Structures are given as structure tokens and as C-alpha cells.
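Side-chain atoms are counted along with the backbone in the values below, which use heavy atoms only and exclude waters and symmetry mates. Remember, predicted model here, so these are calculated numbers, not experimental data. Quick note on labels: first sequence line is chain A, next is B, and so on, each numbered from 1.
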Number of protein chains: 2
Amino acid sequence: MSRVLVVDDDVQLLRALRISLRAAGYEVVTAPDGTTALREAATAHPDLIVLDLGLPDLDGTEVLAGLRPWFTGPVLVLSARADSQDKVAALDAGADDYVTKPFDMAELLARLRAAVRRGAAEPGEAVITTDHFTVDLAAKQVTVDGVAVRLTPTEWALLSELVRSPGRLVGQKQLLQSVWGPAYERETNYLRVYLAQLRRKLEPDPAHPRHLHTEPGMGYRFTP
Amino acid sequence: MSRVLVVDDDVQLLRALRISLRAAGYEVVTAPDGTTALREAATAHPDLIVLDLGLPDLDGTEVLAGLRPWFTGPVLVLSARADSQDKVAALDAGADDYVTKPFDMAELLARLRAAVRRGAAEPGEAVITTDHFTVDLAAKQVTVDGVAVRLTPTEWALLSELVRSPGRLVGQKQLLQSVWGPAYERETNYLRVYLAQLRRKLEPDPAHPRHLHTEPGMGYRFTP
DNA sequence: GGTGGTCTTGACGCGTTCCTGACGCCCGGC
DNA sequence: GCCGGGCGTCAGGAACGCGTCAAGACCACC
């Protein structure tokens, strides 16, 4: 199911939200302030975000501004302020919905469902391009020199995990964990086999990769 | 410029909405009741719809139910009822947002902007055409080489779910969930059976499909 | 009560994918 | 020069997923 990042500094509310969202079938990640929220949003790959505007460190709109350039999923804003000026500001800053506290949990869940449903119909413009191939994360399609290339589910899971952090080094533990599961953290040979297949399918010269680089002993890096 | 269909029986409110929306740069079409709304939605091709729930002839959720099978743009619901049960019902019936009357016009406009921004990438065309067949989502009609083809309800539900995202891969979980319900997530054999039937009815060479492709282990893809 | 159409369910063959182990290479440390 | 760790490559066998077919269950309508 979908993963949701909940950002709020109220511990009580956070607990209530976590319980309700879990019960509704979501996987829940939480953050107590704005800086953690931005970090978690980048690493945990949430599908949607519930964001409280009243945070201790950053203003809510600042968090939105930091999120929006790259985060394409829905963001639902929570706030104690019912003033319509605040609503307009948040919505124009990139929020998809605005709910005032105190709120009804059933309504919040319904609004989340609506946001996810709508987000599923949207491409998201999450296309990564290099000189030799392009990766469309939303359509799950890879094209090399314009022609579509078929990837197996495992190959796709590995590639998408890599291209989601362009230029950044992704540790082998993280790759193994997100593709095969936490029990496979040591099976680094899996990575060798599948990286080789990816390079064979995507790189112009698989022996001298230009985009899927190996960092010996650490992990792999995708460079556009 | 986007075209918006406003559905409301209150003449005063209708006039106020028309003026504000025009000023905000929208092209405005109006309907005073549910049946006109459904007809206008099909003929005027609006990009988004503002729908009052309290209509003289039809219940608001009925209008939504008539709209949603084929209308892919955002629908913003207006209502005098602030009860959260009503909100949940409308949102789950396919509404993208729910605003209670009396409302602030600036907030409404901001919510419309947010809805349009999200759906901006997809125009929401109701007729999909390929080399060999055409699918009319609004009329629920499929024609192969000009002649109409009869589809069973299940076949239709599956096909419409696929053609709604052209070029995009649709996961088997999502297909099963939206056609048969959440309890059937694992019954992948249903997909095999019905995809075969669809290919038999639509593809020129069912053994080598040109438009209804299988992505083993992941899902299916419709390519125009 | 019969009949036609639709949906479900199971079985089979086939191709593909995944896992696994073995081998050779490179490179830094001893 | 020897050694060990990490990496890339390759090939087989097991397991899985897909397409196909057919028979039974279910339902609405006549």
C-alpha cells in the first residue's frame, strides 16, 4: 500500500494519526519538525505527505517550498488557522488540500483517498534522462535511443531505486533492503549480477559504464 | 484557458461564481440541475466541474456517479451540509475537493487552482483511438474497423482502466482492485483470462498484441 | 423450467526469470 | 611475490508467471 509521511510536533496527534493511518492500510513514517521532514521525504520515498503548518523550526510554507521542486506526490496541509488567507497561501505554495484543526478523522482519510486516487491518474513528470537512455518512473518504461526496452521486475526495482537519487551514492545495504528485503542485506552478489544485466541493457559499452558506476566496497551511483 | 462547468440551482450564487471565475480567467459554462449538468459535461468538454450537491432533480452523488466513469478532470463539490459523513460520501464517490457554504471566494479559487495544477498534465480526452480500434469512454462504446463490438461489463471495466492511462504501465494489483475489488488482489488469473478475451476481440493478431502489452510480473500496458 | 450469456475456477505447457555457484580479474596489503 | 577481498561474467536448474482451453457455477430473461 501507500507510504505516508506525517509531519507534526504534537505527540498526541501524531500517535492518533499513526494509529488511524495504519488501520487504514498505510505505511506510516513520521517527522517532528521541518528539517527532519525534508530529510525523510528524500530518503523514505513517501507517496503522500501530511504536513502540519505549525512546526517548531521552519515555517510550513518553507517546508512546502523545499518539497515542491522535486516531490510530485500529494501534500495535505493541516493547520489550526482557519483564516482563508492562510489557506490561499498554502494552496498556492503547492499544497493539494488544506484541513483545519480540529478535524474529523474520517474526513481526513477520505481526503487522503481522494488525493491518492487523483495522484494515480497523473503522470508526475518523473522522467530521468541521460545521453543514452531515459527512465520514466511513472509509466515504468525505459527507452534506449528511442526504442523501448523490457526490464524484469527485479531489474526495474533496482534501477528505479538508483535513479531516484541522481548523482548520489546508494549503499548496497539500502539497495538490497529495498529490492529484496531486509533479510538479504549480505547478498551483495545479487547486485553484481543485476547491475551487469542493467548495464548490458542500458549502457552503450557495458564494460565501461558511463552512468551506472560502481563504488567498490560502498555501493553504486547513477550519474546523468 | 481552462473551461469550467458550474452546476448550481441558486441563481444568485451562480451569478457571483460566473463573475469571479471569468475574472480569474476561466471560461464558464453553467447548468441549473443534474440532468443538464450531465449533458453539458459530455458536450461542452469542460476541464473541471464545480458541483453543488443540493440540486432540484438529482442527488449530487448521483451526478458524480454519472460523471466519474468517463470524466477524468477534477470535480469540486459545493454543499451547505458540513457533516463529515456527507463529505466522506462525496469524496469517495469521486469528488476531488469539498467546500461548505458559505465559502470564501478566494479560497475556492485557490482550491480550483490547486486542482487544475494537479490535473494539468492530462487533458482528459474521452475518446481513445488506435490504428485498429477506438474506445469512447463517455458513450461506453468500442469499435473495431468502424463496426461496434460488444463487451461484457467486466471486459469493459478492465479495458477502460487500461486505456485511461495510455502508455503507462498499470500494475496488476491496481487492475484487480479497481475491477474486482480489494479482496481480489491476488487473483492474477482473472487478468490472464480477460486480457486474452480483450485481445481476441480487439487485436488484429491476438497472439502478437500491438496495443495491449504484457509486462511479466508487473502488469499490463496500453499503447496507442 | 429452460436457455443463453457471463463469470469463476482449475489444469496444462511453455517461456522467462530468479537464484546459485564457479571462475577469472584487478588491486591493495603483507 | 603471495594472498585475500571485492567485482564482473557466465551458465545451469528450479521456480514462477503467462497464455490457453474447457468445464462448471451463477444469473437474468424468456
| note | For A:Ser165 and A:Val170 the tightest heavy-atom approach is OG-CG2, 4.1 Å
| said: Among residues 215-224 of chain A, which ones have heavy-atom contacts with DNA chain D below 4.0 Å? | reply: A:Pro216, A:Gly217, A:Tyr220
Quick one: which protein N/O atoms are closer than 3.5 Å to N/O atoms of nucleotides 3-6 of chain C? Pair and distance per line, please.
{"from": "C:dT6", "atom 1": "OP1", "to": "B:Arg150", "atom 2": "NH2", "distance (Å)": "2.4"}

| field | Proximal nucleotide (of D:dG8, C:dT8, D:dG19) relative to the B:Thr214 side chain | value | D:dG19
| task | Indicate, with a heavy-atom threshold strictly under 4.0 Å, whether B:Gln172 touches base, sugar-phosphate, or nothing. | result | sugar-phosphate
| query | Rounded to whole angstrom units, what separation is found between the CD atom of A:Glu155 and the P atom of C:dT16? | reply | 14 Å
| message | Let's see if you get this right: which residues in residues 177-192 of chain A place a heavy atom under 4.0 Å from DNA chain D? | response | A:Arg192
For nucleotides 25-30 of chain D, give me every protein contact, N/O to N/O, under 3.5 Å, one pair per line with atom names.
none

| request: For the residue pair B:Leu76 and B:Val99, establish whether any side-chain heavy-atom pair is separated by less than 4.5 Å. | output: yes
| said: Salt bridge or not between B:Arg68 and B:Asp96? Use side-chain N to carboxylate O under 4.0 Å. | reply: yes
| note | For residues 190-208 of chain A, the salt bridge (Lys or Arg N to Asp or Glu O under 4.0 Å) pairs (sequence neighbours left out) are A:Glu155-A:Lys201
| request: Check A:Ala106 against B:Val88 and note the closest heavy-atom contact, atom names and distance. | output: O-CG2, 3.5 Å
| task | Measure from CD on B:Gln197 to C1' on D:dT20 and round the result to the nearest Å. | result | 11 Å
| message | Checking A:Arg18 now: which residues fulfil salt bridge (charged side-chain N to carboxylate O under 4.0 Å, His left out) with it, not counting sequence neighbours? | response | none
